[in-house]
Amino acid sequence: MTFAVVKDILAGKHAVGDTIVLRGWVRTRRDSKAGFSFINLHDGSCFDAVQAVVPNSLSNYQNEVLKLTTSCSVSITATVTESQGKGQEFELLASELEVLGWVEDPETYPMAPKRHTMEYLREYAHLRPRTNVTGAVTRVRHTLAQAIHRFFHEENFFWVSTPIITTSDAEGAGELFHVSTLDMTNIPRNEDGSVDYKQDFFGKEAFLTVSGQLNAEAYACALSKVYTFGPTFRAENSNTSRHLAEFWMVEPEVAFADLDGVAKLAEDMLKYVFKAVLAERPDDMAFFAERIDKEAITRLEHVINNDFVHMDYTDAIDILLKSGKEFKYPVAWGVDLQSEHERYLAEEHVGAPVILKNYPRDIKAFYMRQNEDGKTVAAMDVLAPGIGEIIGGSAREERLDLLDKRIDEMGLPKEEYGWYRDLRRYGTVPHAGFGLGFERLVSYVTGMSNIRDVIPFPRAPHSADF
RNA sequence: UCCCCAGUAGCUCAGUUGGUUAGAGCGGUGGACUGUUAAUCCAUGUGUCGUUGGUUCAACUCCAACCUGGGGAGCCA
């Protein structure tokens, strides 16, 4: 008994005449008066379903086969044959069909064989993996993740699993989720009324991580090239198509690298993973190009075949000022760029991902390396058309005196950064890194416009079902 | 969190300028036909018209609050 998957059958990996067993789910059923039914089966192994010809000579044809509906699960024993019809090279001729699970009440089964809106599918996060679109997203997401690991591995990076629970607010930015085992109906208090975290699980206030960067820096300052790839949490009340409360982030950290070094790394990485997706998932990408976003494939090809445009923040301000566009938020050197500004630069001025570098230090985090001009820091953002910031990175301030100065200026608790400062006290080296929002990458690649549709079970404000 | 829009059949929507019988397509079901493939053709439509409260002789239709969803903004990845 040979168990087969749809992908191998369609690829011709089973010889014509071979008998195989295929387990999967019914996508559609068409009955022919010629004495058989066509049943399209999918098992998730690839985009397409395989067609099985089920003859009415099977003993359960009248009682079961003719009653199959979308998403019934079946196991069929069949012979691989060349298809007599158009649309596929190979198909199956069933000699046995066992129904594993029926769909009760097909009329109200939520995944009816018709077009559904993404909003509707989101309400059925447990059933939407059965749809074409979510299946394709899932396979592309997997391919991107694998390609990222492979890219860094080939570049001699080590994957470091940084902690998900943290007791420090790493960047001093972003709302954090508390991690606690305290009885919320009876919270222990200090005499001044504050929460007595000494009685909590970790003996101090703890959170879910907002970034693995600081921890990654520790490992980069020993293993030279490392990266993190894991879940990240932000408790911000963000209700947009680009934000999640729980998302995955890739954060390479490179010793002895400067800003241009990691900008190049970001470009190489994106081109590498885009090539991998086009090579490994042509079926799914063709679907995205046909049904979701016409540019899904050409956009990636364009990125692969062109050098990224680098632009200094200062030059970007000039371009915005000379654009002649009326912006809602006025442009001036020193302001943080607004969505409309980033959109203009990435979508209109460049028409492709653009790397913005060297931002004013006052709008950036304390750990970013100060440039010689005394006004800017060695920070970069990679802005993607349609998505906005997909990568944010910087050279890290490796000079202890300058780091301390920034910590003081920004009013951060220096005592909380003891181990981080140690990295500068003991054999400090220049280093740099960036963070890639993994779901934003998946959005960009697939053309899916809402980030909640490229992660299996999205978590967002007032939304954590399933 | 702020601004705007929407919430009517399993799904996508139309509709009622307040009035007593609420519609279409898709899906499902039944039939016809067919090596079919988002098949085609015929038949088949009793749904708290998001929730609560208010105005009114009368509300699905007007008003308010709330809930949910979408688009945009802020925050950022």
Side-chain angles (χ1 to χ4, degrees), chain A residues 27-41 48-55 66-67 69-70 81-88 91 93 103-124 132 171 173-175 209-213 228 231-251 266 290-291 328-329 336-343 363-365 381-384 387-393 434-444 449-453 455 460-463 465:
Chain A
R27 183 142 275 158
T28 57
R29 189 195 90 228
R30 294 175 297 282
D31 304 317
S32 170
K33 266 295 170 332
F36 44 81
S37 292
F38 297 102
I39 295 181
N40 279 65
L41 293 173
D48 288 309
V50 68
Q51 171 164 287
V53 176
V54 183
L66 286 181
K67 291 174 182 166
T69 58
T70 300
T81 61
E82 286 176 14
S83 180
Q84 294 175 39
K86 293 170 187 165
Q88 62 278 317
E91 64 185 22
L93 178 59
V103 168
E104 58 174 62
D105 193 5
E107 178 167 17
T108 56
Y109 173 57
M111 298 295 107
K114 66 182 293 295
R115 300 197 73 157
H116 287 116
T117 60
M118 295 312 301
E119 295 78 34
Y120 173 76
L121 293 180
R122 224 171 280 150
E123 295 175 30
Y124 295 92
N132 279 334
E171 302 184 31
E175 297 292 312
T209 184
V210 295
S211 166
Q213 178 200 318
T228 73
T232 308
F233 307 87
R234 304 274 167 92
E236 269 134 26
N237 192 9
S238 298
N239 293 289
T240 79
S241 57
R242 308 175 295 286
H243 289 86
L244 291 166
E246 176 183 294
F247 63 100
W248 286 62
M249 190 150 66
V250 179
E251 297 175 287
E290 189 186 326
R291 291 293 180 84
K328 189 177 167 206
Y329 293 86
D336 209 353
L337 295 179
Q338 305 294 314
S339 268
E340 56 174 347
H341 306 141
E342 297 184 346
R343 282 194 122 96
I363 60 173
K364 288 294 182 182
D381 284 350
V382 179
L383 308 178
I387 307 273
E389 185 179 346
I390 193 168
I391 286 176
F434 64 78
L436 164 76
F438 184 59
E439 283 74 21
R440 289 187 180 175
L441 179 73
V442 181
S443 284
Y444 184 73
S449 56
N450 194 310
I451 201 164
R452 300 181 190 196
D453 300 323
I455 188 167
H462 294 286
S463 179
D465 292 335

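Residue numbering restarts at 1 for every chain, and letters A, B, ... go by the order of the sequence lines.
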Counting side-chain heavy atoms from CB outward, which of [options] is closest to [X]?
{"X": "A:Arg440", "options": "B:G27, B:U36, B:A77", "value": "B:A77"}
{"X": "A:Ser83", "options": "B:G35, B:A77, B:C75", "value": "B:G35"}
{"X": "A:Phe247", "options": "B:A73, B:C11, B:A77", "value": "B:A77"}
{"X": "A:Thr108", "options": "B:C76, B:C33, B:G10", "value": "B:G10"}
{"X": "A:Glu236", "options": "B:C75, B:U36, B:G10", "value": "B:C75"}
{"X": "A:Lys33", "options": "B:C33, B:A77, B:A38", "value": "B:C33"}
{"X": "A:Leu244", "options": "B:G25, B:A77, B:A32", "value": "B:A77"}

Ignoring hydrogens and angles, does a donor from either the side chain of [X] or the base of [N] sit under 3.5 Å from an acceptor on the other?
{"X": "A:Arg30", "N": "B:C33", "answer": "no"}
{"X": "A:Glu91", "N": "B:G35", "answer": "yes"}
{"X": "A:Gln84", "N": "B:G35", "answer": "yes"}
{"X": "A:His116", "N": "B:C11", "answer": "no"}
{"X": "A:Ser238", "N": "B:C75", "answer": "yes"}

Between [M] and [N], how far apart are the [atom1] atoms? Round to whole Å, please.
{"N": "B:G47", "M": "B:U55", "atom1": "C1'", "result": "26 Å"}
{"N": "B:G23", "M": "B:U44", "atom1": "C1'", "result": "15 Å"}
{"N": "B:C60", "M": "B:C26", "atom1": "C1'", "result": "24 Å"}
{"N": "B:A24", "M": "B:G45", "atom1": "C1'", "result": "11 Å"}

Think [X] has a side-chain N or O under 4.0 angstrom from the OP1 or OP2 of [N]?
{"X": "A:Arg343", "N": "B:A73", "value": "yes"}
{"X": "A:Gln338", "N": "B:G74", "value": "yes"}
{"X": "A:Arg29", "N": "B:U36", "value": "no"}
{"X": "A:Ser32", "N": "B:U36", "value": "no"}
{"X": "A:Thr117", "N": "B:U12", "value": "yes"}

Other residues, nucleotides, ligands: >12 heavy atoms within 6.0 Å of A:Glu119 CD: yes
Residue closer to the 5' end of RNA chain B, A:Thr69 versus A:Tyr120 (nearest nucleotide): A:Tyr120
What does the list of N/O pairs under 3.5 Å between the protein and nucleotides 65-71 of chain B look like, with a distance for each?
{"from": "B:G70", "atom 1": "OP1", "to": "A:Arg122", "atom 2": "NH1", "distance (Å)": "2.1"}

Nearest non-hydrogen partners of A:Met249 and A:Ser211, listed with the distance: CE-CA, 4.0 Å
Ring centroids of A:Phe38 and B:G35 base under 5.5 Å with planes under 30°: no
By salt bridge (charged side-chain N to carboxylate O under 4.0 Å, His left out) - contacts of A:Asp48 (at least two apart): none
